[in-house]
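Have a look at the structure below before the remarks.
Only heavy atoms go into these numbers, but all of them, side chains included; no hydrogens, no water, no symmetry mates. Numbers restart at 1 for each chain; the letters A, B, ... are given by sequence-line order, proteins then strands.
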Number of protein chains: 2
Amino acid sequence: MTTSREDVLRAAAAVLLHRPRTPMEDIARAAGISRATLHRMVPSRAALVRELAAFAVTQTRAALASARLEEGEPVEAVRRVVDALMPIADLYALLSGENQLVESTEPDGPWSELDGLLIALYRRGQEAGAFRLDLPAEWFVDALSSMLVGASWAVHDGRLARRDAPRALVELLLGGIRRGQS
Amino acid sequence: MTTSREDVLRAAAAVLLHRPRTPMEDIARAAGISRATLHRMVPSRAALVRELAAFAVTQTRAALASARLEEGEPVEAVRRVVDALMPIADLYALLSGENQLVESTEPDGPWSELDGLLIALYRRGQEAGAFRLDLPAEWFVDALSSMLVGASWAVHDGRLARRDAPRALVELLLGGIRRGQS
DNA sequence: CTTCAATGAGACATCACTGTCTCACATGAG
DNA sequence: CTCATGTGAGACAGTGATGTCTCATTGAAG
């Protein structure tokens with residue numbers, strides 16, 4: 001009964017997001033393997049963290065691709081983004097600026113590419129007259145990121161039902177960014 | 001030239017929020033004191049963390065009190081809350097569920113009291129017809145918390161101007177929670 | 001059945017961090 | 001000026017985490 005590398009990464013992400021100081025022994029346990037096996041998979045803690053970051057980038061890129069940001073109404077595109085990112089919110093959270101588990105993603109690295117896709121979506125929405133002009137696109141990305149993390153935590157803590165989370169998030173976010181409110 | 005205890009706590013909060021694994025030596029440096037002096041102030045790392053938590057509770061309680069949650073229009077009360085919490089967003093972030101630096105704040109501890117004040121505000125807004133009925137009050141608190149953290153980070157990283165942050169946050173939040181949008 | 005690869009348990013050495021302590025220096029008050 | 005207090009630098013011992021490695025066990029394939 002082999003635990004897949006991906007399962008290990010997912011488990012590591014979840015436990016490290018919640019407790020960044022978790023020892024390797026406990027990370028391995030959380031993934032259902034022994035510490036020796038974990039060390040066979042990755043040469044060091046630092047390497048695990050780097051691999052986690054790369055995995056998170058890959059998963060996020062795929063999620064954003066599946067959300068097809070350039071297609072259709074910007075409002076619907078935001079809905080699709082949230083639906084796509086919710087299942088990987090914990091991985092996504094590792095990449096967002098708030099979590100320094102992953103040290104200093106480089107300014108021109110994969111993260112800024114992904115960030116740029118979301119900024120472009122917001123700007124498309126502004127040009128289409130759907131989104132507010134007075135809020136910076138960067139804030140849209142930050143707000144989305146932080147609410148994804150927040151919703152993920154709320155679900156994790158049982159404060160929000162898993163099936164309600166996407167809707168709660170998207171309603172609040174869209175309500176906040178849509179034009180024509182004041 | 002003595003660094004006040006509060007300054008040390010503030011600096012420690014900021015650095016630990018960003019890098020939970022920061023060694024005591026680096027925490028002390030960030031606070032402008034030596035490690036020996038830090039150890040004279042607190043007997044251990046665990047004690048520092050406990051004191052930080054208590055300080056965060058005190059500061060948050062004071063901020064919420066200054067925001068006068070029960071007075072006037074719920075919308076204006078939310079504005080006051082954001083204005084009051086922004087300057088202490090990093091301390092507040094230590095208390096919010098997202099950050100396990102402070103391990104497991106007890107269910108009936110000070111945090112749930114503060115949480116309860118915000119929940120009561122949202123419910124007051126619902127009853128007054130100002131806030132949406134379909135979003136849970138708990139989600140309001142989670143969204144506020146996570147956006148406070150997100151905005152604080154955006155400012156820290158230079159993505160959002162410090163003077164624009166409160167407005168960006170409150171506009172998005174209020175836009176999302178107000179009634180009569182759809 | 002045998003063989004092979006993967007895995008877990010556990011031992012061990014090393015290292016970073018932590019807490020403790022001493023001593024020299026700096027600063028402020030009288 | 002002296003004295004008292006606070007501080008920083010640095011040494012040291014202890015601890016927990018980390019990485020490395022060996023050996024026994026397990027499970028799957030042929």
Checklist outcome for this item: B/S/- along nucleotides 15-22 of chain C (protein heavy atoms under 4.0 Å) is --SBBB-B

For [X], all residues meeting side chain to side chain contact (heavy atoms under 4.5 Å, CB included), sequence neighbours excluded:
X: B/A137; answer: B/I119, B/Y122, B/R123
X: A/M41; answer: A/R5, A/V8, A/I33
X: A/V15; answer: A/T22, A/I27, A/A30

Item to check | Bend angle of the helix from C/dC1-D/dG30 to C/dG30-D/dC1, from helix axes over five pairs at each end, nearest 10° | outcome: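 Here the helix ends are tilted 30° relative to one another.
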
Next on the checklist: What is the separation between atom CG on A/L38 and atom P on D/dA17, rounded to the nearest whole Å?
Outcome noted: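 It is 15 Å, rounded to the nearest whole Å.
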
Checklist entry - Does A/D134 have any salt bridge (Lys or Arg N to Asp or Glu O under 4.0 Å) partners at least two apart in sequence or in another chain, and if so, which? => result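 Here the qualifying residues are A/R132, B/R167.
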
Next on the checklist: I'd like to check the salt bridge (Lys or Arg N to Asp or Glu O under 4.0 Å) partners of A/E6; sequence neighbours left out, ordered by chain and number.
Outcome noted: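 None.
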
Item to check | Partners meeting ring-ring contact (aromatic ring centres under 6.0 Å, His included) with B/H156 (sequence neighbours left out) | outcome: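 So B/H156 forms a ring-ring contact (aromatic ring centres under 6.0 Å, His included) with B/H18, B/W153.
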
Item to check | B/S146, B/S145, B/S152 screened by side-chain contact (heavy atoms from CB on, under 4.5 Å) with A/S146, the one that passes | outcome: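 Exactly one pass, corresponding to B/S146.
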
Checklist entry - B/E127: what forms a side chain to side chain donor-acceptor pair (under 3.5 Å) with it, not counting sequence neighbours? => result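 Side chain to side chain donor-acceptor pair (under 3.5 Å) check on B/E127 returns nothing, list empty.
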
